[in-house]
Amino acid sequence: MRVTLFGASGLLGHDLVQQLSGQQLSGEQLTALSSKDADLRDRPRIRQVIHDSRPDWILLSAAYTDVDGCESNRDLAFAVNCEGPIHVAEAARESGSRLMFLSTDYVFDGSNRSPYQTSDPRNPTSVYGMSKARAEERLLEILPEVCIARTSWLFGHGGKCFPATILKLASTRPEISVVNDQRGSPTFTRDLASALVQLCRADARGIVHVTNSGNCTWYEFATEIVCASGLPTKVKPVTTAEFPRPARRPAYSVLSPDSLHAYNIHMPDWEDALRRYLESALAVS
Ligand SMILES: NC(=O)c1ccc[n+]([C@@H]2O[C@H](COP(=O)([O-])OP(=O)(O)OC[C@H]3O[C@@H](n4cnc5c(N)ncnc54)[C@H](OP(=O)(O)O)[C@@H]3O)[C@@H](O)[C@H]2O)c1
């Protein structure tokens, strides 16, 4: 399988590179690209790299992921997160490559009280969510066999993430405040990368929800991180209203695993994933 990966230098990209280069002996060929190699906004360059690498699968993990930054940079958000993927989809159609597009739980408004199904209507409340939701709609039109993998609350070793931030804060403060009224599914990029490669092998198409199983609030997530670290820091639950941010986030964005289970792929629960992440994160600190 020949794979071209956009976003190789990102949090998820780091584990996709590990996952795919570990399999090169069994015939995988990986072209791993950061924004310096190919900017998604540069249509001719995107066409060229896809033409030259002739991938069976394109994994499109690259995005402008600063959710609050997107609020004040709407044009950039749509250029990178929507127009960019359109360039990739058009080039994929020309070269006959399959495309897997990474999307987000933030395409939903958070008003559900049970896990979101892939068929639930999109209703994003942030510019980031809108740029991703629009990209999903356009890609499904341009390339009906596209695979859209929606995920949530990523953490991993490839860059900044919530557990790393909490560990840093907890090591310097006696108390930290964390919001307790947003619920979702934390997802370890190592587990996600493995599931995405399995989906490629299974020739997946359409929308698939891919997260670690179970769910929690950010406060519950932080409490688990601090407990596991053995630090004496107190974690205090607060409301989103007490900590206003530029982008509105969904209060509830748990994604149903039914679409993933249809491919007979099952994800470990988030507590188990966090334990494995912390084992290596605490070992190096
Ligand atoms: N992080 C989360 O919690 C989360 C949740 C749900 C969904 N997702 C989705 O999952 C995917 C991976 O997220 P992530 O957290 O791994 O992202 P990330 O760490 O922010 O990495 C972003 C990647 O995109 C590349 N990139 C940024 N702008 C680009 C451009 N104009 N042209 C080409 N490449 C560009 C970056 O390259 P440089 O390093 O060269 O800038 C980097 O490799 C994204 O599609 C994101 O929307 C993430």
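Just so you know, ligand 1 is whichever comes first in the structure, and atom 1 is the first atom listed for that ligand. Bear in mind that the values here come from a model prediction, so they are computed numbers and not experimental data.
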inquiry  = Is there a path of hydrophobic side-chain contacts, each under 4.5 Å between heavy atoms of I/L/V/M/F/W/Y residues, joining F101 to I265?
reply    = no
For [atom], find the nearest protein heavy atom and state the residue, atom name and distance (0.1 Å precision).
{"atom": "atom 35 (C) of ligand 1", "result": "S35 CB, 3.5 Å"}
{"atom": "atom 21 (O) of ligand 1", "result": "G10 CA, 3.2 Å"}
{"atom": "atom 20 (O) of ligand 1", "result": "T65 OG1, 2.6 Å"}
{"atom": "atom 32 (N) of ligand 1", "result": "L40 N, 2.9 Å"}
{"atom": "atom 25 (C) of ligand 1", "result": "A62 CB, 3.8 Å"}
{"atom": "atom 7 (C) of ligand 1", "result": "S103 O, 3.3 Å"}
{"atom": "atom 44 (C) of ligand 1", "result": "S61 O, 3.1 Å"}

query = When you look at E71 and R245, which way does the side-chain contact (heavy atoms from CB on, under 4.5 Å) test go after all the steps?
reply = CA-CA 10 Å; E71 292 296 307; R245 305 268 295 272; over 6 Å; no
Enumerated ligand 1 atoms positioned under 4.0 Å from heavy atoms of [X]:
{"X": "D39", "answer": "30 (C), 31 (N), 32 (N), 33 (C)"}
{"X": "W153", "answer": "3 (O), 5 (C)"}
{"X": "S9", "answer": "36 (C), 37 (O), 38 (P), 39 (O), 40 (O), 42 (C), 43 (O)"}
{"X": "T151", "answer": "6 (C), 7 (C)"}
{"X": "A38", "answer": "32 (N), 33 (C)"}

Polar proximity ligand 1 side, [X] side, N/O cut 3.5 Å exclusive:
{"X": "L12", "value": "yes"}
{"X": "L154", "value": "yes"}
{"X": "K132", "value": "yes"}
{"X": "A63", "value": "yes"}

Looking at [Y] and [X], is there a salt bridge between them, counting it only when a charged N and a carboxylate O are closer than 4.0 Å?
{"X": "R134", "Y": "E137", "answer": "yes"}
{"X": "D68", "Y": "R249", "answer": "yes"}
{"X": "R276", "Y": "E279", "answer": "no"}

Where [X] and [Y] come nearest, the two heavy atoms and their spacing:
{"X": "L11", "Y": "G156", "value": "CD1-O, 3.7 Å"}
{"X": "A8", "Y": "V17", "value": "CB-CG2, 3.9 Å"}
{"X": "P55", "Y": "S97", "value": "O-OG, 2.8 Å"}
{"X": "R45", "Y": "D37", "value": "NE-O, 2.8 Å"}
{"X": "L154", "Y": "C161", "value": "O-CB, 4.0 Å"}

ask   = Do the two ring centres, one from W218 and one from F162, sit under 6.0 Å apart?
value = yes
request  = Only heavy atoms count here, so choose which of Y106, Y128, F155 is nearest to atom 8 (N) of ligand 1.
outcome  =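 It is Y128 whose heavy atom sits nearest to atom 8 (N) of ligand 1.
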task = Pick, from V80, T211, L11, T189, the option with the minimum heavy-atom distance to atom 15 (O) of ligand 1.
result = L11
request  = Report yes or no: does G159 have a heavy atom closer than 4.0 Å to ligand 1?
outcome  = no
message = With the threshold set at under 4.0 angstrom, would you say G156 reaches ligand 1 through any of its heavy atoms?
response =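 No, G156 has no heavy atoms under 4.0 Å from ligand 1.
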inquiry  = Check this for me: R122, atom CZ, are more than 12 non-hydrogen atoms of other residues, nucleotides or ligands nearer than 6.0 Å?
reply    =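 Atom CZ in R122 is crowded, with more than 12 foreign heavy atoms closer than 6.0 Å.
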inquiry  = Does only the side chain of R150 get under 4.0 Å from ligand 1, or the backbone, or both, or neither? Count heavy atoms.
reply    = neither
request  = Tell me which part of L102 gets within contact of ligand 1: side chain, backbone, both or neither, using heavy atoms under 4.0 Å.
outcome  = both
inquiry  = If we check side-chain hydrogen bond (donor to acceptor under 3.5 Å, both in side chains) with S103, which of these qualifies: H209, R150, E136?
reply    =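 Exactly one candidate clears the test, E136.
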